[in-house]
Structures are given as C-alpha cells and as structure tokens.
Amino acid sequence: MQERVQRLVGDDTKGMWVGTFHSAFARLLRVEGDKIGYSEDFSIYDTSDSKRLIRQQMQGRNLDRDVVKPRAAQRMISSAKNEMIGPREYAELARGDQQEMVAEVYPAYERALKQANALDFDDLLLKPIELFEQHEDVLEKYQRRWTHVHIDEYQDTNQAQYVLARKLAGRHKNLCVVGDDAQSIYAFRGADITNILNFEQDYPDATTIRLERNYRSTKNIIRLADSIIEKNDDQIEKSLWTDNVEGEYVALMEALSEKDEAQKVERRIRDLQLREGLEYGDFAVLYRTNAQSRAIEEALRTENVAYRVIGGTSFYERKEIKDVLAYLKLLVNPNDTASLQRIINYPTRGIGDKTQERLQRYAQQNNLSLWQAVERVEEIETLGTRAERAVGTFRRLIARYASKAGTGSTPPDELARDLIQDAGLLSELRKEHTRENLQRWENVQELISALAEYVESTEEATISTFLQEVALLTDQDEADDEGDKVTLMTLHAAKGTEYPVVFVAGLEEGLFPLEKATQEKSELEEERRLFYVGVTRAEQRLYLSWARSRYRYGEQQSNTRSRFLEEVDSDVVRTEAGGELEQQTDRFKAGGAPDSSRDYDEMDPHYYRQDLSGDGGSGSSDDGLRRIESTDGDSGRRVVYDEGRGTIVPGARVEHSKFGQGKVQSVEGEGEKATAVVFFGSDVGNKKLKLKYAKLRVVG
DNA sequence: TCGCATTCCGTTTTT
DNA sequence: CGGAATGCGA
C-alpha cells in the first residue's frame, strides 16, 4: 500500500504521510500539544491503563463497584468520547444508576489523565480537534501541508475521525475515501457507518466510483460471499462480478471437538502444501475470538508447521514488557501515575498497599500527582520511618535515571538495561528457574534490542518517541514478519488481507455469531459482515469449519452449527466427503419440523464412544446414572456425557411449562450446574435455563 | 508487608 | 481453564 501510494505521489514525499489516524495525530500532538497544555513527553494510555485510573477514581470517591465495574465504566466513557460527548454533556444525558455513576467518574478521570500528562486512545483524536478549534493557525498550517487527504477503510471511521477529515480537507477540498459498507465491523468501538452513507450529501461535489469488479477470488467464493451479505437488510446495493475462474467448491468441515477441528485444519494445510505446491505463507486460519487460536497452535506445533499469530496477547501486551515500559515511561514522564502505580512495588520493595494509600491521600489533599507526593515523602506525617526509607530509595533510583535520560549522554538501550537491572526486575525474573521466567527474561531482552534498533534506525529517536510509537503498534504492523508461515488471526485482524487458502473456523451458534450479538438485529448484521469479510479474504480455496463441542470457561460445551451455514448458497459448498450441504432452513422456527430428530440422532451419546484422542476410556459412576467418559489426550480433562439427562442435547425438541415448545441450541455444564439455551420461537427468543429448575420435557 | 491460598470471573472484536 | 482480586496467617 505504502509503495503504491508512493508511486502515485512520486518521489517527492515531503509532507506525505502514511499511517493510522492515531499515529498521525499522536505525532502532531508531540509538536503542537503544548498549545493545549501537553508536554511532548505525554504518555499514551491503553485500555488497561485507563481502567486502572478509573478504578482508582472510583475508590477515591467511594463509589460502589457493584453498580458499575471499572471495565464497564471504561467502555462507557470510551464510547462517549467516540461520540464526542464530554463530561458535562454526559452528565446531562445520564440516565439510571450506571450512567449517573459514570457521569461522576468521567470528569475525575479526565482530570487524572491531564494531571498524568497522559492521553488515552480516544484523546489522540479528540485533542487535535480541540487544538484545531482553538488555534486556527495550526489547522491552517496542516491544511497547507497536507493538500490531499486519502482515507482507506472509511467505513470504520468514527465521529472524531470524520470531523478531523473534514477539517483537514476544508481548504483544498481534496478528499478521497475508499470503503465498503459491507465490511463495516467496528461499530462496537464507535465506527459510524453513516459517515460513508452520507458522504455524497456531505460533499455534494464528490464523484462516486463504484468498485464492483473483484480481482481476488474465484467465482464460487464470490457467490458464497454474495449469498451471505444479501441476508442483511441494511446495505448499499452492489453487484459484484469477476472474470476469475469458477474455482473449487467451498468446503465445509465438521469436527467433534476444537482439537479435532484444529487437526483437520492442520492436515488439510499439509496436504495442500504437498500436493498443490503451496507454501505455508499461502494459508490463513481465521476465527472469531483470540482464545480459539490455542487449539490450532497446538495442532500446528505438534506437526512442526510454522505459524504466526497476529494479535491476541501480543508482545507489547505481556506483563513483563508492560512492566519495563512502565519504568521507561516514568523516566520520561514522572507524573504518569498509572505507570508509577504499576511498578512502585514491583519488584516488592516494601511499599505496600497501606503506604501507597497514604501517598495517594497526601497527593490528593495537596493537589499533587502521585510522583510529586513521592518526592515529598519526608513531609508526609502518616508514614513510618520504614516506609519513608523504602519510598526514598525508590525515588532516588528513578530520579537518578531520569536525569541520566535527560542529559542524553547514555544510549537509551543501555540506560534501559541498567535501570531494570538496578530496579531488580531482571533478578526477579531469574529468581525462579521456570521455563516461563526464562521466556519472560528473553522477552525483556528482545524489547531492549527493539529499542536499540529503533534508536539506530530513526532520526531524532528518544525513549519518549519510542514509547509513543510502541503504544500505537497495530496488528498490521506485526503482520509483515518475514518467513514462510501459516497466519492465525481473528476475523477483525484479517480485514485488508488476502490469502490463496483461507479457513474460517468455529462456525457455531453462540461463538459465531456470538451469543451476545444474536439478540439485536444490528449486531447480528455486524457479525454477518464479519463472516463476509472472512470469506472474501480467500483467493483460491475456502474452508469453513465447526466443532460439535468446545471447551469454554474450562467446561465442555456442545454446539449446533452456525446459522450462517444455513444461510449460504449451498450450491457452491461441499462437505469433506464431497456431498452436498444439507441445510435446515426451518431450524429457527418453533413449530416442529419433520427432520428435527436428525441432530438428535447424531448427538446420541453412543456417537461419542468413538475415541476422541486415542487413550480414552469409559466408566460408570455411583449415582445410578450411566456415564461415558473419555480422557481428552494430553490435557487430562475428563469429558463426561451424562446419559441420565441425555435427551436434553442440542437439536432436541423440548417443552417448557411457560414458554411452550422450543429447540435446544446448546448445553453447558453438568450435574447441578447444567444449563441449556433453548430457542422458543421468534416471540420468546433464546432462553438460558438451569436444567435443575426448568423442568423440560422432551417431545417428539 | 509479604506470600500463599482461595475464590471469583469472564470472552467478543481493537486503535 | 487461567488470570486477577481477595483473604488470611506469619
């Protein structure tokens, strides 16, 4: 992309910039932030830093965490910011306990951020708007510098990005956006599809060019994609076409468990690689949630198939990395309270909860940042001598390195290495010789190397710029790791990529679409667009897979296959055996279908007598119920199928005293805790029932 | 204050 | 299941 843009613009790339909104405006704020009260060394807070700050504000004000948890509060505040609703306006709009409490925390959170000289992700867009509004001249400067503005994936822009684009393009009116409403998958984080839908109204002179020819995929894949997206009511009419070949059928793979699914994927990859001469780099495995990567990784690892995982707990999200980063942030920006709290007592140095509380109280009372309180330990009367000494030692450690960093005489990587050594971080990791600790230690070394490399390769590199860049790394940045490897990622991370062979795994009700997203039409349609995004990543071959059972929350859960599979054009799909896809178009109608026993027959407990992993066994228990057990391979987890309640299985038709007849969608837990999700027709919808209480009668 | 044990709790998806 | 938050004894 960057290359292509460069070719368009020519060699004179002065003033040109390619990247995300966030990193563009973070850099802009570095230069211009002082005009609205931020020094260039501001910290960038990720979601967990924000959460930490919010939790603290709630504690400070004695707010009941049962009403709103910090995590929820963080999300609510973030959404508000995405819609450009400030604390004052929020307070006016707040309705109900939760929102009213958030209304109380929101302004305090904003003050805390300010005091920490920190910006959260949302601020990186909001503050530039503030800046442009208060300083016309700055806006003008950038309008002149960036005479043309191009925005890709415009369907994923939010309100703030919309305003920024409008402002920047305000002078030259050279704005070009590319987007596809069918690929809008970020509504949950404030992306506003109306930005793209109303573009022609907002810019009446705009020319619209429809891109309806697909150069990527085979006819079969496009037919499948079309059949998916046409189920959405909310969309712009398009007719896609391609000159590409018909191609292979789309294959549907059915597995017994997530492990089985992973193995099937792995075998298929190796098979294609050998027979079709494909490389590992030609394959992508896509899934709905990051947790699903584990099973697939395991299968690939056992067979020595090289792979890379995009996203998930990425390198920079690991605890040990965040710890080191927190030390570095503190050097650069001592008022960064979230970072200070993170490491003030890690490794433990005698500054426990009580001492921290007292520091905090002192800071609040004297309107100081936490670090400023640390600097004045001697004045804090509530502290004993032992605590005072511990805090003093810590203060001197940080101050020593901060001044070293200030003079710039020591190379940043060397400074960082010495600091974490002195702070005891390295010896903490060497304390116990476990494999995990060794890995963590290596990760820390890798971070330092990354810092060294960054300093080497970047003009005017400082620790501060490094930290700001690192905070904004995206999944896509991780992707260009070289090497011939299978790529594993979430469907969200797959946006904008393409691969000869694509697997979309985990097509099960409750997982994809996610249970939570099935109630609201708009959310279900977003899930469907996500499915659309997934299948349109494929160039040559597409595999869809689902597993009859899957571990979730450490419990085994049985599943029915995703409703999306019942919706697709079955003419282009074949099962693994080469058979046609049998769809159950009526499965969501409650009235009872002629073939409704089909699922049930397949779910007969005997079905599971087939050994899942090679070393299973069976047994019986003493409660009078016959059970079939198998031990699930290396995990040693016991899989128990309870024949006593046996008939309540996915697919079974049941009757409830209040809701009437319905169809079991999934069953979770066992014994006392067993629950089932039952669909009672479109009026009632899905209900989650405890089998212990809900007396379900099996009918038919 | 620390360290261990126990309980609790959750999963979307991400800049 | 696994990580984080809480509780308790030393």
Side-chain angles (χ1 to χ4, degrees), chain A residues 19-26 44-48 50-52 55 59 65 69-72 74-75 78-79 81-82 119-126 153 156-158 160-161 184-191 258 286-295 310-314 316-319 345-358 384 386-387 390 431-432 436 468 470-478 489-495 506 510-518 523 526-527 529-531 533-534 550-557 632 635-638:
Chain A
T20 63
F21 267 89
H22 284 82
S23 68
F25 289 104
I44 297 174
Y45 277 8
D46 67 12
T47 315
S48 66
S50 299
K51 209 175 79 188
R52 185 180 229 107
R55 188 195 303 120
Q59 270 165 3
R65 267 181 300 165
K69 292 181 181 150
R71 194 181 3 75
Q74 189 273 326
R75 263 189 230 143
S78 178
S79 320
K81 285 181 151 193
N82 274 318
L119 298 166
D120 65 17
F121 281 132
D122 306 312
D123 285 339
L124 290 175
L125 303 176
L126 293 180
E153 307 284 6
D156 291 328
T157 53
N158 64 22
Q161 287 162 328
S184 158
I185 53 174
Y186 282 110
F188 74 90
R189 68 167 195 220
E258 82 262 48
L286 311 181
Y287 35 78
R288 180 64 242 263
T289 63
N290 281 308
Q292 288 169 256
S293 76
R294 179 169 274 160
I310 311 288
T313 7
S314 71
Y316 289 98
E317 279 164 24
R318 285 166 212 225
K319 185 187 173 299
N345 199 33
Y346 179 79
T348 49
R349 50 171 70 89
I351 309 176
D353 292 348
K354 269 267 138 35
T355 307
Q356 286 182 47
E357 245 170 60
R358 285 171 187 150
R386 195 159 78 180
K431 223 156 71 181
E432 277 177 88
E436 289 82 19
Q468 289 175 3
V470 155
L472 295 168
L473 284 183
T474 67
D475 280 350
Q476 296 300 317
D477 296 322
E478 295 172 60
M489 60 189 155
T490 62
L491 289 145
H492 283 90
K495 191 192 68 179
L511 182 62
F512 192 23
L514 277 171
E515 172 95 49
K516 279 213 180 110
T518 55
E523 289 184 51
E526 179 148 319
E527 294 283 304
R529 290 193 294 271
L530 195 55
F531 187 33
V533 167
R550 187 178 291 279
Y551 273 94
R552 258 180 130 183
Y553 302 122
E555 263 183 327
Q556 191 173 41
Q557 193 194 328
D632 192 355
S635 65
R637 290 185 291 230
R638 264 167 77 246

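Chain letters run A, B, ... following the sequence lines, proteins first, then strands; residues in each count from 1. Just the heavy atoms: all of them, side chains too, but no hydrogens, waters or symmetry mates, feed the values below. Predicted, not measured: the structure shown is a model, and the values here were computed from it.
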(message) When you measure from the side-chain N and O atoms of Arg55(A) to the phosphate of dA5(C), is any distance below 4.0 Å, counting only OP1 and OP2?
(response) yes
(message) Does Lys319(A) reach a base, just sugar-phosphate, or nothing at all? Heavy atoms under 4.0 Å.
(response) nothing
(message) Using whole Å, what does the distance between atom C1' of nucleotide dT15(B) and atom CZ of Phe188(A) come to?
(response) 9 Å
(message) In whole Å, I'd like the distance from the CD atom of Glu527(A) to the P atom of dT13(B).
(response) 11 Å
Provide a list of protein-nucleic acid N or O atom pairs under 3.5 angstrom, restricted to nucleotides 8-10 of chain C.
none

(message) Output the rounded distance in Å from CG (Asp120(A)) to P (dT14(B)).
(response) 18 Å
(message) What's Arg529(A) touching, base or sugar-phosphate or nothing? Going by heavy atoms closer than 4.0 Å.
(response) nothing
(message) Restricting to ring-ring contact (aromatic ring centres under 6.0 Å, His included), what partner residues turn up for Phe512(A), sequence neighbours left out?
(response) Phe531(A), Phe564(A)
(request) Give the rounded distance in Å between these two atoms: OH of Tyr287(A) and P of dT12(B). (result) 17 Å
(message) With a 4.0 Å cut-off on N to O distance, would you call Lys495(A) and Asp156(A) a salt bridge?
(response) yes
(message) For a quick check, tell me whether the side chain of Arg288(A) and the base of dT12(B) share a donor-acceptor pair closer than 3.5 Å.
(response) yes
(message) I need the Ile185(A) CD1 to Arg529(A) CZ distance, nearest 0.5 Å.
(response) 9.0 Å
(request) To the nearest Å, give me how far apart CD (Glu317(A)) and P (dA4(C)) are. (result) 12 Å
(request) Run the salt-bridge test on Arg288(A) and Glu527(A) with the 4.0 Å N-O cut-off and return the result as yes or no. (result) yes
(request) Kindly write out the residues that satisfy ring-ring contact (aromatic ring centres under 6.0 Å, His included) with Tyr186(A), not counting sequence neighbours, or none if the list is empty. (result) Phe188(A), His492(A)
(message) The criterion is side chain to side chain contact (heavy atoms under 4.5 Å, CB included); which residues satisfy it with Asn345(A), sequence neighbours excluded?
(response) Thr348(A), Arg349(A), Ile351(A), Gln356(A)
(message) Return whichever of Phe121(A) or Arg71(A) has its heavy-atom-nearest nucleotide of DNA chain B closer to the 5' end.
(response) Arg71(A)
(message) What is the separation between atom CZ on Arg550(A) and atom P on dT12(B), rounded to the nearest whole Å?
(response) 16 Å
Polar-atom pairs under 3.5 Å, protein N or O versus N or O of nucleotides 1-4 of chain B: list them with distances, or write none.
unit_1 : atom_1 : unit_2    : atom_2 : d
dT1(B) : OP2    : Asp353(A) : N      : 3.4
dT1(B) : OP2    : Lys354(A) : N      : 3.0
dC2(B) : OP1    : Gly350(A) : N      : 2.9
dC2(B) : OP2    : Asn345(A) : ND2    : 3.0

(message) Looking at every heavy atom in both Asn158(A) and Gly190(A), which two are closest together, and how far apart are they?
(response) CB-O, 3.1 Å
(message) Please tell me whether Thr490(A) and Asn290(A) have a donor and an acceptor in their side chains that are separated by less than 3.5 angstrom.
(response) no
(message) For Thr47(A) and Leu514(A), find the nucleotide of DNA chain B closest to each by heavy atoms; which residue's nucleotide sits nearer the 5' end?
(response) Leu514(A)
(request) Mind listing the closest non-hydrogen atom pair of Gly510(A) and Arg552(A) along with its distance? (result) O-NH1, 3.6 Å
(message) Going by the rule side chain to side chain contact (heavy atoms under 4.5 Å, CB included), which residues pair with Arg55(A) if we only count those two or more places apart in sequence or in a different chain?
(response) Lys51(A), Gln59(A), Arg65(A), Pro70(A)
(message) Suppose you measure atom C1' in dT12(B) against the same atom in dA5(C); what distance do you get, rounded to whole Å?
(response) 22 Å
(request) Kindly point out which of dT13(B), dG2(C), dT15(B) is positioned nearest to the side chain of Thr490(A)? (result) dT13(B)
(request) Take atom CZ of Phe531(A) and atom P of dT12(B), then tell me their distance rounded to the nearest Å. (result) 21 Å
(request) To the nearest Å, give me how far apart CG (Asn290(A)) and C1' (dG3(C)) are. (result) 16 Å
(request) For Tyr186(A), report the nucleic acid contact type (base, sugar-phosphate, nothing); a contact means any heavy atom under 4.0 Å. (result) sugar-phosphate
